[in-house]
Amino acid sequence: MRRQGLHLDQAPPLHLPLRFFLTAPLFAVAAGLVLLWRGSALLQTTWSPHTVALTHLLTLGFISMVMCGALYQIVPVLVGSAVPRLRLAAVVHGGLCVGVPALAGGLLSGWQWLLPVALAALGIAWAVFLGQLTLALARAPSVTVTVASIAVAASSLLLAVSLGLLFAWELVYGWLPPDRATLTAVHLYLALGGWVGTLITGVGYALIPMFYLSTPFPRGIAWLVLACQGLMLLTGPLLAWVAPSRWWHLLPLGLAALAVTVFTGMVWRMLHARRRRISDATLRFWQVGMLALPLALAALAVHVLGQLPRWSLVFGTLYLLGFAGAAINGMLYKIVPFLVWLHRFSRHAGSAEMPLLKDIIAPRHMQWQWRAYALMLVLATAAAGSGLDVLARLAGLALVVAFGALALLLFRAARMKLPPAARTPARDRAGETAPPGAR
Amino acid sequence: MTEPTLDLSAAPEAERAQRLGAAFVALAPGGSLTFATPGDPRKLVRDFVAKQWGHFDWAPLRAGDGRHLSQLSKRKQQGPHSILDMFGDDHRRCDELFANAESAAQQGDAALAADLFARYELGLQRHFRMEEEGIFPELDKRMGFMGGGPTMVMREEHQQMRGMLRRMAGSVEQGNLEEFLGACETMLYLMEQHNMKEEQMLYAMADDAFSADRDELLRRLVLF
Ligand SMILES: [Fe+2]
Ligand SMILES: [Fe+2]
């Protein structure tokens with residue numbers, strides 16, 4: 001059945017992933033504006049509707065938006081089967097673009113009529129996306145650890161979204177699900193640990209060695225990480241349901257800690273011993289992500305074992321902005337310039353006037369944006385930990401600046417055209433260096 | 001960077017095969033040696049294919065100027081058993097040559113960067129020819145692609161990479177290392193996404209198509 005893997009030329013058109021990548025930072029900017037406007041009122045408890053609006057601008061609007069666009073691009077190569085009905089990606093994008101503002105707006109303003117809009121738009125978007133992804137996964141020619149990780153992420157997304165829709169439904173129509181706190185815990189396990197966590201690790205196994213020419217991620221260790229993640233995703237929700245003493249939560253926490261330690265430890269080693277000695281902003285983003293992940297988990301442990309609600313905010317900040325946000329920001333700097341280059345410039349690859357990746361987004365611009373990002377992360381973590389109003393508003397401002405700069409750089413990259421001077425046909429260099437007797 | 005561990009340029013032609021054979025026997029599994037010959041070393045390699053097939057890898061490092069440099073290594077495990085094995089390994093080898101040239105440029109050593117780039121270019125051009133002349137035409141025939149299909153996409157990307165090689169060569173010859181490094185980065189992504197597509201899909205398909213006469217094909221490909 002190998003023939004199904006023949007989709008070498010089934011890469012999506014440029015506009016498809018770009019529309020996801022270009023809109024995503026705008027939602028993070030919106031999150032920053034909300035934080036700037038409301039200040040520390042958003043940082044009291046994780047459960048206020050306003051805080052939920054803020055987190056979903058980041059999780060759905062930024063993180064999931066990018067992950068969807070990236071999956072359309074890389075599934076054909078990483079999984080080895082085509083994504084069916086690619087055109088429907090526009091529906092997914094449109095659904096998120098309507099659903100996320102409707103959800104956030106409804107929660108922030110109290111205008112109830114916005115929530116059914118969000119419910120419908122997000123429901124359609126995720127149904128279409130999960131349908132496409134499931135079909136692509138079902139046709140995978142072989143089950144690699146990356147394929148298995150994407151499958152775990154997709155299943156988690158399905159359940160997390162179902163619960164999310166249930167919550168929105170309950171807000172509008174008042175039908176009360178049995179135990180809101182338990183279901184919320186399950187939602188968080190699946191959305192953050194399953195969808196975000198497993199997807200990033202699963203894709204990282206394949207992409208990190210490729211970008212940095214490091215040794216491959218050892219397959220056995222990758223399966224071990226995935227096994228820990230899988231067990232964590234089973235025991236966590238189950239224990240939340242059964243609700244025994246809080247010490248039981250050490251079990252899923254321990255599994256998460258094991259997965260995180262092994263994964264980050266391995267990535268650090270691979271990056272350290274990478275054959276490619278270049279350090280750039282994207283490497284910094286990965287490194288900060290690998291640093292923030294264990295710290296996030298430590299904050300979560302303090303929250304669960306010490307019953308200190310404020311630490312759940314620290315966890316959320318470190319996990320969403322420190323780990324996922326940084327990894328995604330770094331990935332965008334790799335993937336967006338390359339896609340623009342591949343689609344617009346690669347045919348003129350021999351010409352000396354043809355722009356290179358460094359001309360599409362200048363490394364020093366990435367460097368500046370990286371600094372803004374790092375400052376934002378420090379401010380946001382301090383704001384979450386302290387609850388101080390001035391810090392919260394500063395963090396909001398920093399979010400606007402860091403993601404605004406990212407959006408600007410990505411937009412400029414997407415608008416870049418081939419300079420007229422570069423329109424010379426690429427000549428063939430083959431043969432010039434061919435050793436004699438080779439033919 | 002690597003001085004030949006074995007210089008056969010002065011040795012009489014009749015002795016070369018024997019001296020190379022002895023040096024190979026002395027290698028530890030996983031070890032490798034570079035050897036210099038006054039002309040094309042493929043006659044010696046043909047000998048190796050006949051006697052040592054499955055136990056060695058060979059690749060040219062420098063050609064021309066009447067002095068050839070190549071690398072002979074002793075495999076840890078017997079192989080290659082498949083196209084994926086052989087070409088996946090050669091991708092890693094080209095990656096390594098690329099990284100060496102790039103880091104020489106990063107350290108500002110223009111002469112070394114130019115020398116190492118030449119090795120990379122030789123290795124990659126050979127890899128392309130192994131695919132374009134050794135595999136694709138027969139694969140197209142067996143799978144009925146008729147000049148379209150996945151091999152066409154691969155050929156197009158080879159052309160793009162050849163264009164990048166030309167640009168890299170131009171900048172490193174002029175000693176413009178900043179431009180060279182910029183071209184390196186672009187080349188890396190182009191090369192890696194290409195290799196990934198081949199390793200994930202194309203080679204598996206080729207291994208199926210050549211399942212009956214694969215070993216014979218691999219023996220032929222080494223000599224490219
Ligand atoms: Fe190729
Ligand atoms: Fe190849």
Side-chain angles (χ1 to χ4, degrees), chain A residues 2-9 11 74 76-80 141-142 144 206-207 209-213 215-216 274-278 280 334-335 337-338 341-342 345-352 354-360 363 425-439, chain B residues 39-40 42 60 63-64 68 95-96 98-100 102-103 106 118 121-122 125-126 128-129 132-133 143 149-150 152-154 156-167 169-171 179 181-186 188-190 192-193 195-198 200-202 204-205 207-208 223-224:
Chain A
R2 284 254 165 74
R3 280 171 208 220
Q4 294 202 319
L6 288 183
H7 303 289
L8 291 181
D9 41 0
I74 59 179
V77 178
L78 287 188
V79 176
S142 62
T144 62
L207 293 192
M210 179 168 150
F211 287 145
Y212 298 104
L213 294 184
T215 51
R274 69 191 188 280
R275 265 176 285 175
R276 200 163 177 253
R277 302 309 304 173
I278 306 282
D280 53 15
K334 293 275 180 196
I335 201 167
F338 181 68
W341 188 87
L342 194 67
F345 306 145
S346 62
R347 264 167 296 149
H348 309 271
S351 158
M354 177 215 55
L356 297 169
L357 295 186
K358 69 177 168 67
D359 306 313
I360 298 176
R427 262 175 302 130
D428 185 358
R429 197 179 158 85
E432 278 179 40
T433 51
R439 279 152 211 255
Chain B
D40 191 342
R42 285 182 178 76
H68 289 243
D95 282 354
E96 184 107 45
F98 168 90
N100 292 341
E102 190 189 38
S103 63
Q106 212 191 4
E121 182 178 21
L122 180 71
Q125 295 278 17
R126 170 177 177 254
F128 292 163
R129 278 186 298 106
E132 290 178 359
E133 294 166 25
M143 305 287 291
M152 200 182 76
V153 183
M154 296 295 100
E156 270 167 25
E157 292 187 357
H158 289 174
Q159 283 311 98
Q160 294 168 5
M161 284 187 272
R162 287 185 172 114
M164 286 309 299
L165 283 177
R166 207 146 45 82
R167 178 148 178 189
S171 52
E179 166 81 11
L181 285 170
C184 276
E185 187 198 21
T186 308
L188 176 72
Y189 296 143
L190 186 59
E192 292 304 307
Q193 60 94 32
N195 291 353
M196 193 178 231
K197 285 191 274 194
E198 288 183 339
Q200 300 278 345
M201 292 172 260
L202 191 81
M205 185 176 78
D207 273 322
D208 276 0
L223 290 163
F224 262 73

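Chain letters run A, B, ... following the sequence lines, proteins first and then strands; every chain starts at 1. Note that the structure is a prediction, hence the values are computed from the model and not measured.
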*CG of Leu188(B) to CZ of Phe211(A): how many Å apart, nearest 0.5 Å?*
9.0 Å
*Side chain / backbone / both / neither for Leu356(A) at chain B, heavy atoms under 4.5 Å*: both
_Would you say that Lys358(A) contacts Thr186(B) through its side chain, given a criterion of any heavy-atom pair below 4.5 Å between the two side chains?_
no
*Considering only heavy atoms from C-beta outward, does the side chain of Leu190(B) approach that of Trp341(A) to under 4.5 Å?*
yes
_Can you tell me which portion of Gln160(B) sits under 4.5 Å from chain A's heavy atoms? Options are side chain, backbone, both or neither._
both
*Non-hydrogen atoms of chain A under 4.5 Å away: do they reach the side chain of Phe98(B), the backbone, both or neither?*
side chain
*How long is the span from the CD atom in Gln200(B) to the OG1 atom in Thr144(A), to the nearest 0.5 Å?*
6.5 Å
_If the condition is ring-ring contact (aromatic ring centres under 6.0 Å, His included), which residues does Tyr212(A) pass it with, not counting sequence neighbours?_
none
*Output the distance between atom CD (Glu185(B)) and atom NZ (Lys334(A)), rounded to the nearest 0.5 Å.*
6.5 Å
_Distance (rounded to the nearest 0.5 Å) between Gln159(B) CD and Ser346(A) OG_ = 12.0 Å
*Calculate, to the nearest 0.5 Å, the distance between atoms CE and CG belonging to Met196(B) and Leu78(A) respectively.*
5.0 Å
*Could you check if a side-chain atom of Gln193(B) sits within less than 4.5 angstrom of a side-chain atom of Met210(A), using non-hydrogen atoms only?*
yes
*Residues in side chain to side chain donor-acceptor pair (under 3.5 Å) contact with Glu132(B), at least two apart in sequence or another chain*: His158(B), Arg162(B)
